[in-house]
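Below is one structure; the comments refer to it alone.
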Amino acid sequence: MKNTNSQKIRLGLFVIIGTTLFVLAVYLIGQKQNMFQNTFTISAYFQNVNGLQKGNNVRYSGINIGTVKNIVMTNDSTIKVDMNIEEGIIAHIKKNAIATIGSDGLVGNMIVNIVPGKGTDEVIADGDIIASYSKIGADDILSTLSVSSENAAILTSDLIKITDAMIKGKGTLAVLLNDTIMAKELRQSVTNLKVASRDASNTISEINQIITSLKTNDNTVLGMLLNDSVSGQNLKVIVSNLEASSKQIQNVIANIDTTIVDFNSGDGAYNYIVNDTTLVNSLQSTLKNINEGTDKFNQNMEALKHNFLIRGYFRKLEKQKEKEERKKQQ
Amino acid sequence: MKKQQAILEKDKKKESSEEVVLELQDLNKSFDDNHVLKHFSMKLYKGENLVVMGKSGSGKSVMIKCLVGLMEADSGKIIVMHHDITSLNQESLDILRADIGFLFQGSALYDSMTVRENLEFPLRHHYKKLGKNVNTETLVIEALKNVGLAHTLDLMPAELSGGMQRRVALARTLILQPKIILYDEPTSGLDPITAKEIIILMQDIQKKYNTSSLIITHDVDCARVIADRMILLIDGTNYAEGTFEELSASKDPKVKAFFKQ
Amino acid sequence: MEIGELTYFTIRFFKEVFRRPYEFKEFLRQCYSIGNRSLLLVGITGFIIGLVLTLQTRPTLMEFGAVSWMPSMVGISIVREIGPMITALVCAGKIGSGIGAELGSMRVTEQIDAMEVSGTNPFKYLVVTRVMATTLMIPLLVIFGDAIALYGSYLVEHLKGDVSFALYFNQVFDSLEFGDIVPATVKSFFFGLAIGLVGCFKGYYCKKGTAGVGIAANSAVVFTSLLLFIIDFIAVFVADIFYDL
Ligand SMILES: Nc1ncnc2c1ncn2[C@@H]1O[C@H](COP(=O)(O)OP(=O)(O)O)[C@@H](O)[C@H]1O
Ligand SMILES: [Mg+2]
């Protein structure tokens, strides 16, 4: 063979370059999967992982910082997700960080997003469990919100009917006011309504605040939610509905108030007393509705408030409930 | 038949005086339905040039390949230098083969190697046979000089003419200094002049190294020059034996057919 | 019947691979002629495949506004399937037929017999070295083929979409996993083994005559290509099983 030496050199180069390329590829892939880096593990519990798989990326404020190491069912409704996190990032994650599950793009892989919690807290350590936030829960809240705003709307229209009736037929009102129990009920309803509407307007303004803050800062849980799904739009619509209905409620209350005040200072109110029983009956049921409606409304608002503002409230509540149940069982 | 008996008697005489280096007894070989060799027997004595003649396709190459274990005979005995090669393991067969030179029909030079590498190839395994510290370089050059082609050392076989290729092949056969040389149609595919050169070379070698040669050919001129004794391979068997003169004078039409000019 | 003979041939290969003497020099020579001499061909095919794949996929991805997926998509399809398969097919054509023709003509011109009588085991010297060489060189060629194909794809993205080298390859390696690269590499070894074994088998048992050499070379390519697809098919199943574990 001529040129055997140059052939050997070329063969050597061929093999060396080929293997180098391969090793490089393996290294790069391994690096992406954190194979060659020191990692620590943190976990979070979820009710639903939406198809998250081993090896999916974990992001902190949008940066890839690790991968999902393991997914195990711990009981019939809780799933524990273990995540490998790069050691270098440890100093930046606090114990109050929150994990959510989202998708990477419209049809992308599932990912775990870790977002910083509000305020300051200790730096996270290996094996820590951080709070989680289920997207499903958020959807639930959005639906209750819309239900309560519907309730509010019904309530309002009922009240409008009453006040209309009051203004038109003052005789009915006289009957109504003669009946002291009913009058008490009405007053109670009105105060309830007042409280509810105050709460509602507080909540609404707080929600509005959050929504505006989202436009500038995407790092909150809601930011994740609103930016990667249509639910953001829904929320805005519901909030504005709520706002509108609470205004209406306030108007109604003001109307009733003035009517009652007028009546109390009453000049010749008794003139208008008639025996219209049907009207009285319908008014009674309306008031019942009002009571129920305001109760529900309050409940919803409470839930909503706690969910958005004090994260993990649900979890606490659940734990409390669980504890109580356990106690009961014991 | 009388003639054959006479030959056999002559054989017996020879046997007593001379050593048999190679013997085939009752060899049979068939490929499916094609019975190529039927009860073929033959002996090669030390120092003689035995020519086996036969038409092409008569099984000459098959016979010679059975001799060195390249093909397995269906039945029969093959005794090479007192060893039955069918009962040898690979290692001893290789050692035995170092004493047998084989010149293939088409030269069979390794065409991906230079002439030098071609000649070195048999030394890869058999250098032990030649003793302690042989210099392959000098061996190769010497072998090439023997066939008059020392200048072709670094050429590729494809760059050589057919006659030169044959001579290089001969040099490769000789490099291990075999005791027996088997020639499979040494002159086939060559023009008469080149063929003659090869024949002269074969005679020189025979004189120089005192080898025993088995020459397979269908070339009458070649046989005339070189044969001490001849065997005609017809219908897969040793149909006739004798010297060139004896056989060329034969009245048997099958034998006669070979010598018609 | 042929499959039986090939199986026997394969068993014989594995028996002789580990038995001394090792024909290391010839092995290196074969590595050179199989590896280096095929690099250009594999490179050109890989480059064109990379270009074409990207150009063809581009309009479809654009329709969905998903052109940024190109690196992941092309990366995975080249590394997992197209790279090994195209390289192996090209090599079956070049190397398989080459080995078939070379050994075939060596058989016909009695060079293999000549080797045997000169004390060298031709199976070891010719078959083992070549099969070893293809088994080890094909995976390397696949790596080169993959790399060049990805580079071709990158060029298209760079020219048409102004994607930087770093971004392109970052995305490629982002989408790749060991589950992609390991089966592909293992598969490539088997591709190499198949190319070498079938080429040698066809050549080693070549029928007499020049026609025989032609048939040996031709059937080596045909049989190898078929075998490559079968191996690929099996590889997908096996990889799936491993994934599930
Ligand atoms: N490997 C083989 N397989 C099948 N048939 C063969 C083989 N080798 C030789 N033959 C057959 O044996 C016969 C003799 O061939 P061969 O010995 O080469 O003839 P020649 O006398 O011309 O050298 C031919 O008919 C040939 O077809
Ligand atoms: Mg012949």
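Naming: A, B, ... by sequence-line order, numbering from 1 per chain. Computed from a predicted structure; not experimentally measured.
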Q | Nearest heavy atoms of C:Ile181 and A:Ala25, plus distance in Å | A | CD1-CB, 3.9 Å
Q: Could you grab the distance from atom CD1 of A:Ile9 to atom CG of C:Asn36, nearest 0.5 Å is fine?
A: 11.5 Å
Q.
Just checking A:Phe40: does its CZ atom have more than 12 heavy atoms from other residues, nucleotides or ligands closer to it than 6.0 angstrom?
A. yes
Q: Go through the atoms of A:Ile17 and report whether side chain, backbone, both or neither lie under 4.5 Å from a heavy atom of chain C.
A: both
Q | Atom of C:Ile143, atom of A:Leu21 and distance for their closest heavy-atom approach | A | CG2-CB, 3.6 Å
**Q.** Most chain A-contacting option - heavy-atom pairs closer than 4.5 Å, from C:Val182, C:Asp174, C:Val79
**A.** C:Asp174
Q. With a 4.5 Å limit on heavy-atom distance, are the side chains of A:Phe22 and C:Thr185 in contact?
A. yes
Q: Measure from the ring center of A:Phe14 to the ring center of C:Phe144 and say whether it is less than 6.0 Å.
A: yes
Q | Reported CZ-to-NZ distance for the pair C:Arg29 and A:Lys8, which is rounded to 0.5 angstrom | A | 12.0 Å
Q) Can you say whether C:Asp146 sits under 4.5 Å from chain A via the side chain, the backbone, both, or neither, judging by heavy atoms? A) neither
Q.
Working to the nearest 0.5 angstrom, can you tell me the gap between A:Ile29 CD1 and C:Leu176 CG?
A. 4.5 Å
Q: Side-chain contact test, heavy atoms from C-beta onward, threshold under 4.5 Å: evaluate it for C:Met137 versus A:Val15 and give yes or no.
A: yes
(Q) Tell me whether C:Tyr125 at atom OH has more than 12 heavy atoms from other residues, nucleotides or ligands lying less than 6.0 Å away. (A) yes
(Q) Within the 4.5 Å heavy-atom criterion, are C:Phe169 and A:Leu28 side-chain neighbours or not? (A) no
